[in-house]
Amino acid sequence: MKIAPLFASIDISASGMSAQRRKLNAIASNIANVETTRTENGQPYQRKIVVTKEAKESLPFSDVLAVRDDRLVTTNPLHINTVLDPVNNTDPASGVASEQTVQKKNPYRLVYDPDHPDADASGYVRYPNINIVVEMVDMITASRAYEANAMAIESAKTMAKKALEI
């Protein structure tokens, strides 16, 4: 019997932790550059956001279970039902994949400051349109999600230890 499926929940939580870490890095970059009026391309800093999507397994769990030689024998067909996603009719257990950081195209915040070196002819400076309150809320949300994934890994480890004691 292979033990890799026992650690599927740990893999899913680890992918979630990785996604939240990327979000926290993007948020930290946004906060650090809230007043950056000129980047290497000469434009003000653009807000970064991390886009994540669900990783889909190539086969649903029920199909993988059906082809396994060491599958469980059920005496009642109602036992070991696979819980399917009611919307897509697929196995809901999967991780996070294809995270990418994109730069959000927001209009710049114009501030009148004729003494600033990046001021235009009419005296306005273009600042990044980053709201610190939004960034803080996003940071707290990502931090809590990271903690939740860490707790899920701890629970999975505890269950695996208890299973080995049997």
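In what follows, every heavy atom counts, from backbone to side chain, and hydrogens, waters and symmetry copies are set aside. A quick note: this is a predicted structure, and the numbers were derived from the prediction, not measured.
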Residues which pass side-chain contact (heavy atoms from CB on, under 4.5 Å) with [X], listed by chain and number, not counting sequence neighbours:
| X | result |
| --- | --- |
| Ile130 | Asn30, Val34, Tyr45, Arg47, Pro128, Glu135 |
| Met136 | Ile31, Ile132, Met139 |
| Ala152 | Ser13 |
| Asp115 | Asp113 |

What's the verdict on side-chain contact (heavy atoms from CB on, under 4.5 Å) for Tyr127 and His116, showing C-alpha distance, side-chain angles and the deciding distance? CA-CA 11 Å; Tyr127 283 96; His116 195 283; 3.6 Å; yes
Would you compute the distance between atom [atom1] of [X] and atom [atom2] of [Y] and round it to the nearest 0.5 angstrom?
| X | Y | atom1 | atom2 | value |
| --- | --- | --- | --- | --- |
| Asn25 | Arg21 | CG | CZ | 6.0 Å |
| Leu24 | Ser29 | CG | OG | 12.5 Å |
| Met159 | Leu164 | CE | CG | 12.5 Å |
| Ile27 | Asp138 | CD1 | CG | 5.0 Å |

Residue pairs fulfilling side-chain hydrogen bond (donor to acceptor under 3.5 Å, both in side chains) with at least one residue in residues 148-164, sequence neighbours excluded: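 Checked against side-chain hydrogen bond (donor to acceptor under 3.5 Å, both in side chains) - neighbours excluded - the pairs reaching residues 148-164 are Glu154-Lys157.
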Is there a donor-acceptor pair closer than 3.5 Å between any side-chain N or O of Asn33 and the backbone N or O of Thr36?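 Between the backbone of Thr36 and the side chain of Asn33 there is no qualifying donor-acceptor contact (under 3.5 Å).
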Go through the steps to decide whether Thr37 and Arg126 satisfy the test side-chain contact (heavy atoms from CB on, under 4.5 Å), and finish with yes or no. CA-CA 6 Å; Thr37 58; Arg126 296 182 306 159; over 6 Å; no
Do Gln20 and Val50 pass the side-chain contact (heavy atoms from CB on, under 4.5 Å) test, and can you show the C-alpha distance, the side-chain angles, and the key distance before you say yes or no? CA-CA 9 Å; Gln20 298 308 321; Val50 175; over 6 Å; no
Apart from Leu110 itself, what residues make up its hydrophobic cluster when side-chain heavy atoms of I, L, V, M, F, W and Y under 4.5 Å apart count as a link, directly or indirectly?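 Members alongside Leu110: Tyr112, Tyr124.
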